[in-house]
Amino acid sequence: MIDDDWLMRDRRTELRSLNEPAPVNFEEVQMTSTYQDGDMEEVIFAIERNGVAIKGNIESKFDDPAFVSRNVELRRRLDLWANVLHCVTIPTVPSRHKNIDIVLIRENTEGEYSGLEHESIPGVVESIKIVTQEKIERIARFAYEYAVLNGRKKVTAVHKANIQKLGDGLFLQIAKDMAKEYPTVEFDQMIVDNASMQLVSRPQQFDVMLMPNLYGNIISNIACGLVGGPGLVSGMNFGDVHAVFETGTRNTGTGLVGKDVANPTAFIRAGVDMLRYLGCHKHADVISDALWEALTQQGFHTGDFDNKHLKLVVKLFKGLIAATSEDRRRPPKSSRQPSEIWSEFCRDTSDSRLTLSLFHFLVPCACWSN
């Protein structure tokens, strides 16, 4: 468990108490936006040793050109190349649109996030975007395999190839060519500015969205806003051997610290995703079902839903306890067992590293579907 600058410190007690029945021991490490000698190395070492982590968002300073985002550094050093969000509307949460069910898959390690900038001459700045065929193919394959294994019908590649003809042109061409290997999945492509407009006007048209790094960050935040805001959606970061779970929008929430009004749903769902990744499906089901009932049937909402401040944490966890005691289970979207899906996928691929990431990825994204 990686403490952040702000909200993770407020929520860690609840996270630990929720996961207490599960066979998971937490090792706490601290990392903030203020550089401390050796703290990044300690975090990297802990994740490499444990293989999995749950974290809050580390504030990225934009007023210091020398400051390197600690979130980006963590993802790059651990090669957490796939960022995955599942945005789905919740019946009792006010939103402009209904029946949204979108999986957003974002390449997580290159593109504009290379951090390579320099001032050639005073007043002229060059910022370098780096993309590679290898990493585009890796994330595209991930998206198509996810769509097939989870019964998704369409993958939409989001790009700006009309302007960035080489970089985004390569991304689009690879996604388009790879689609031929998956005849059961419809391929679509959309320029990022049009995709933003389409997402806020008719989001139901999207199923799986495949995006480079920067566009994925922007589109993911739009999608989270459509289903209720930053407090609802969890985010998953997968590499070949490591996984890090966090809130979907990577907000620090500095204005909510200490007020007991921050929505803990995203952190709870991140914990559920982590439990599923670790194979603790029974414990994940209990927490997920209880949270769903607390939000929908018992109506425990925070101020970001209802425009009024509630002592959510106390009420929500009372709801969790009540729902857990009744041991209610919602029917899953797919009746197939993970072992069946796993066996099918093993027959169809020789890339064991990708297989591991995809298998762990299946169950978390099957949750919370309408």
Side-chain angles (χ1 to χ4, degrees), residues 4 6-8 10-12 14-15 18 54-57 83-106 199-200 203-204 206 209 216-237 245-257 259-276 284 287-313 315-317 319-320 323 330 333 364-370:
D4 63 1
W6 310 104
L7 284 181
M8 186 67 170
D10 282 4
R11 298 279 77 91
R12 63 183 175 185
E14 288 87 358
L15 277 173
L18 273 175
I54 186 168
K55 65 179 282 291
N57 192 43
N83 176 244
V84 183
L85 274 69
H86 185 200
C87 291
V88 57
T89 45
I90 300 172
T92 58
V93 175
S95 60
R96 187 175 298 275
H97 297 281
K98 304 299 181 184
N99 302 316
I100 299 174
D101 186 356
I102 308 171
V103 172
L104 303 109
I105 299 178
R106 163 192 175 190
L199 189 60
V200 299
Q204 298 83 359
F206 296 104
M209 301 183 75
N217 182 29
I218 297 168
I219 295 293
S220 294
N221 276 265
I222 295 174
C224 288
L226 288 175
V227 299
L232 276 180
V233 182
S234 57
M236 298 171 280
N237 301 282
F245 301 88
E246 60 184 351
T247 57
T249 62
R250 297 171 177 166
N251 289 7
T252 55
T254 55
L256 302 177
V257 177
K259 298 180 180 179
D260 198 24
V261 296
N263 192 335
T265 303
F267 276 121
I268 295 172
R269 291 180 66 181
V272 169
D273 294 339
M274 182 189 68
L275 289 176
R276 296 194 190 283
I287 297 171
S288 180
D289 292 348
L291 178 60
W292 180 269
E293 181 159 332
L295 289 171
T296 58
Q297 297 184 27
Q298 300 183 29
F300 294 145
H301 292 174
T302 43
D304 54 337
F305 296 166
D306 296 334
N307 296 317
K308 58 183 179 181
H309 294 297
L310 299 175
K311 293 294 183 179
L312 166 85
V313 174
K315 290 189 175 184
L316 178 57
F317 285 96
L320 288 170
R330 288 176 285 106
K333 188 173 184 179
C365 287
C367 306
W368 289 59
S369 297
N370 289 339

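Below, each value reflects all heavy atoms present in this structure, side chains not excepted, and no hydrogens, waters or symmetry copies.
Taking 4.5 Å as the limit, every side-chain heavy atom of Leu226 sits out of range of all side-chain heavy atoms of Ile102. For the pair Ile90 and Thr296, the minimum side-chain heavy-atom distance is below 4.5 Å. Proximity of Ile100 to Ser95: side-chain heavy atoms (C-beta onward) are nowhere separated by under 4.5 Å.
Annotation for Asn221 and Asn217: closest pair ND2-O, 2.7 Å, computed over non-hydrogen atoms. In terms of heavy atoms, Leu199 sits closest to Ala223 at CD2-N, 4.0 Å. Among all heavy-atom pairs drawn from Lys98 and Thr89, the shortest one is C-OG1, 4.1 Å. Here the shortest heavy-atom pairing between Arg269 and Leu232 reads NH1-O, 3.0 Å. Closest approach of Val233 and His86 over heavy atoms only: CG1-O, 3.8 Å. Considering every non-hydrogen atom in both Ala270 and Phe245, the closest pair reads O-CB, 3.8 Å.
Scanning for side-chain hydrogen bond (donor to acceptor under 3.5 Å, both in side chains) contacts around Ser220 gives an empty result, with sequence neighbours left out.
The backbone N or O of Leu295 sits less than 3.5 Å from a side-chain atom of Thr92, completing a donor-acceptor pair.
The only option from Asp273, Thr247, Thr249 that meets the side chain to side chain contact (heavy atoms under 4.5 Å, CB included) definition with Ser234 turns out to be Asp273.
To the nearest 0.5 Å, atoms CG (Leu291) and OG1 (Thr265) are separated by 5.0 Å. Going from atom CG of Leu85 over to atom CE of Met236 covers 7.0 Å, rounded to the nearest 0.5 Å.
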Residue pair Val227, Val93: steps toward the side chain to side chain contact (heavy atoms under 4.5 Å, CB included) verdict:
CA-CA 8 Å; Val227 299; Val93 175; over 6 Å; no

